[in-house]
Amino acid sequence: LSANNLEHFPKGIFQHLELLEFLSLSQNPYFTLNLGIFSGLKSLKYLNIGHNNLTKFPRDPFIDLKNLQTLILDGTKIEIIHNRDFYGLI
């Protein structure tokens with residue numbers, strides 16, 4: 001889904017993709033992270049959300065990603081990282 005000018009995904013958009021292991025949403029300049037966007041991705045191991053104009057995370061954005069091994073954030077404009085932003089990844 002990289003480089004497609006994607007903007008918005010509703011909560012739970014990936015909820016039926018429980019076996020998905022690789023997801024790249026990079027290079028979508030208008031992309032925003034919405035609350036619950038990654039819910040249901042229980043098997044996800046690799047997530048690339050780099051090279052987007054992200055400036056902040058919603059609350060607990062990665063809480064459902066228990067198997068995540070690689071998270072790519074390069075090229076974003078994240079200004080503030082809160083203690084809970086990476087809750088559930090470690």
Side-chain angles (χ1 to χ4, degrees):
L1 298 174
S2 293
N4 280 301
N5 289 321
L6 301 174
E7 296 179 25
H8 171 77
F9 289 97
K11 180 179 181 178
I13 187 76
F14 301 114
Q15 69 184 359
H16 298 293
L17 299 175
E18 297 165 350
L19 300 178
L20 187 70
E21 294 184 4
F22 180 96
L23 179 60
S24 181
L25 297 168
S26 66
Q27 300 177 11
N28 287 297
Y30 307 108
F31 175 70
T32 57
L33 281 179
N34 295 312
L35 184 65
I37 187 174
F38 302 122
S39 63
L41 293 175
K42 298 175 183 175
S43 300
L44 197 69
K45 295 180 181 177
Y46 176 95
L47 176 60
N48 185 346
I49 53 175
H51 296 282
N52 291 313
N53 289 322
L54 297 174
T55 58
K56 62 182 179 177
F57 295 122
R59 183 175 179 172
D60 302 329
F62 310 111
I63 197 163
D64 292 326
L65 304 180
K66 306 292 185 203
N67 291 307
L68 195 68
Q69 298 171 3
T70 304
L71 175 62
I72 309 292
L73 295 170
D74 66 321
T76 62
K77 297 178 180 179
I78 301 291
E79 298 171 353
I80 298 172
I81 296 176
H82 295 69
N83 292 341
R84 293 188 52 92
D85 286 345
F86 298 101
Y87 182 78
L89 293 181
I90 300 174

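Treat the numbers as computed from the prediction; the structure is a model and nothing was measured. The residues of the chain are indexed from 1 along the displayed sequence.
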Check your understanding: Between Asn48 (side chain) and Gly50 (backbone), is there a donor-acceptor pair under 3.5 Å?
Key -> yes
In Å, rounded to the nearest 0.5 Å, how long is the span from [atom1] of [X] to [atom2] of [Y]?
{"X": "Lys45", "Y": "Gln69", "atom1": "NZ", "atom2": "CD", "result": "5.5 Å"}
{"X": "Ile37", "Y": "Leu25", "atom1": "CD1", "atom2": "CG", "result": "6.5 Å"}
{"X": "Lys42", "Y": "Lys66", "atom1": "NZ", "atom2": "NZ", "result": "11.0 Å"}
{"X": "Ile49", "Y": "Leu47", "atom1": "CD1", "atom2": "CG", "result": "5.0 Å"}

Extract all donor-acceptor atom pairs below 3.5 Å that involve side chains of residues 13-20 and protein atoms in other chains or at least two apart in sequence.
none

Exercise for review: Measure across Asp64 and Phe38 and return the closest heavy-atom pair with its distance rounded to 0.1 Å.
Suggested key: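 Asp64 and Phe38 have their closest heavy atoms at CB-O, 4.1 Å.
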Result block: side-chain N/O donor-acceptor pairs under 3.5 angstrom for residues 70-77, not counting sequence neighbours:
{"from": "Asp74", "atom 1": "OD2", "to": "His51", "atom 2": "NE2", "distance (Å)": "3.2"}
{"from": "Thr76", "atom 1": "OG1", "to": "Leu73", "atom 2": "O", "distance (Å)": "2.9"}
{"from": "Lys77", "atom 1": "NZ", "to": "Asn53", "atom 2": "OD1", "distance (Å)": "3.4"}

Exercise for review: Verify the cluster assignment for Leu65 and Ile78: are they in a single hydrophobic cluster under the rule of side-chain heavy atoms below 4.5 Å apart?
Suggested key: yes
